[in-house]
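Structure first, commentary second.
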Amino acid sequence: MKQRNVNRVALIGAGSVGSSYAFALLNQSITEELVIIDLNENKAMGDAMDLNHGKVFAPNPTKTWYGTYADCKDADVVCICAGANQKPGETRLALVEKNLRIFKGIVEEIMASGFDGIFLIATNPVDILTYATWKFSGLPKERIIGSGTILDTGRFRFMLGEYFDIAPANVHAYIIGEHGDTELPVWSHADIGGVSITELIKRNPEYTMKDLDELFINVRDAAYQIIEKKGATFYGIAMGLARITKAILNNENSVLTVSTYLEGEYGTEDVYIGVPAVVNRNGIREIVELTLSEQERRQFKHSADVLKEILAPNFKEQ
Ligand code: NAD
């Protein structure tokens with residue numbers, strides 16, 4: 001891996017998600033350098049100009065420019081947000097074909113630059129495209145990270161926080177599985193300030209599992225609701241991507257629910273899927289394997305199987 005004393009993030013795809021990610025990176029001064037690359041060169045150029053005009057108001061200046069794939073050579077993290085997004089009512093999995101084609105070209109260009117860092121993938125269906133990036137790049141599996149269920153977990157913690165009237169930072173709960181329709185809540189390991197949710201329900205009749213099941217449906221279907229209202233979702237995922245980038249560049253060893261490669265963990269293998277994992281400067285240090293309930297194990301297996309079914313026709317030859 002590169003040994004530079006200046007951190008560089010290369011962003012591929014400055015659409016709604018990508019440009020919001022760039023804005024989050026600058027506002028939090030997460031990286032020293034940010035290069036923006038997009039098929040639509042004017043969009044990348046305009047974003048770089050616009051962001052540079054806010055630089056004076058950021059905690060630290062981030063050198064920001066629009067560039068080419070050659071700039072990926074010295075990048076520590078390449079974040080891909082390029083590709084088609086969901087139209088109202090469309091599932092993430094419906095985007096497979098379009099975005100696989102786009103990804104092959106993009107990843108080949110990045111690797112041709114001599115890039116030797118960490119890939120962070122946001123484009124949907126994110127678990128499939130993270131797997132594709134691993135295959136197309138030839139880099140070690142731990143250096144390919146998908147945003148996975150980081151956003152779903154963020155939504156879950158926010159909604160649980162609202163329900164129990166507790167700051168989301170004190171809500172410890174995960175959504176795992178596909179970033180999509182088959183994801184699941186890990187109720188068996190959800191707690192508020194150290195008290196399990198099962199215990200909270202027992203203690204207070206105001207709280208019910210029925211409410212919590214509905215809450216999860218709202219988490220799972222949040223993207224459909226937002227897309228219906230404003231056409232796309234981008235601020236939440238952008239902040240989640242910035243969080244992962246910070247964990248990588250600061251060598252944090254933070255536990256985040258990201259899409260990572262399983263080799264027998266959670267009883268499944270050869271799939272990238274959202275689970276809690278320790279993230280640091282080398283990418284994924286290790287997977288956190290939660291002891292799931294019988295029902296959670298079944299749901300997780302189903303989620304992994306759905307992803308594997310999509311991977312099979314696309315990757316069995318490689
Ligand atoms: P968008 O249409 O606003 O932006 C896509 C950008 O990609 C455009 O600027 C376009 O010019 C660029 N692009 C397309 N092909 C390219 C190529 N070959 N090379 C370089 N750039 C290219 O879309 P968006 O709303 O920003 O969404 C981007 C992706 O992020 C979608 O797949 C969406 O589903 C996904 N997304 C993921 C999450 C998550 O949790 N992982 C959340 C929200 C959106």
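What you see below is based on every heavy atom in this structure, not just the backbone, and it leaves out hydrogens, waters and symmetry mates. Both ligands and their constituent atoms are indexed starting at 1 by order of listing. Residues take their numbers from the sequence shown, with the count starting at 1.
- Only side-chain heavy atoms of Ile102 come within less than 4.0 Å of ligand 1; its backbone N, CA, C and O stay farther off.
- Crowding of Phe23 atom CZ: a count of heavy atoms from other residues, nucleotides or ligands under 6.0 Å not exceeding 12.
- Looking only at heavy atoms of the protein, atom 32 (O) of ligand 1 is closest to Ala84 O, 2.7 Å.
- Among residues two or more places apart in sequence or in another chain, the ring-ring contact (aromatic ring centres under 6.0 Å, His included) test is passed with Phe164 by Tyr207.
- In Ile237, the part holding a heavy atom less than 4.0 Å from any atom of ligand 1 is the side chain.
- A salt bridge does not link Arg285 to Glu142: none of the charged side-chain nitrogens sits closer than 4.0 Å to a carboxylate oxygen.
- Only the side chain of Tyr69 comes within 4.0 Å of ligand 1, counting heavy atoms alone; its backbone N, CA, C and O stay farther away.
- For atom 44 (C) of ligand 1, the closest non-hydrogen atom on the protein side is Val17 CG2, 3.5 Å.
- If you chain together ILVMFWY residues whose side-chain heavy atoms come under 4.5 Å of each other, Val56 ends up grouped with Phe57.
- In terms of polar-atom proximity, Ser16 is counted as a contact of ligand 1, with an N or O under 3.5 Å from an N or O of the ligand.
- The closest approach between His179 and ligand 1 falls below 4.0 Å for a heavy atom of the residue.
- A cation-pi arrangement is absent between Lys141 and Tyr261, since the terminal nitrogen or guanidinium carbon is not both under 6.0 Å from the aromatic centre and inside a 45° cone about the axis.
- Neither the backbone nor the side chain of Ile150 comes within 4.0 Å of ligand 1, counting heavy atoms alone.
- Here the rule is side chain to side chain contact (heavy atoms under 4.5 Å, CB included) with Leu129, and of Leu95, Ile80, Thr123 only Thr123 fits it.
- When non-hydrogen atoms are compared, ligand 1 lies under 4.0 Å from the side chain of Leu151 (C-beta onward) but not from its backbone.
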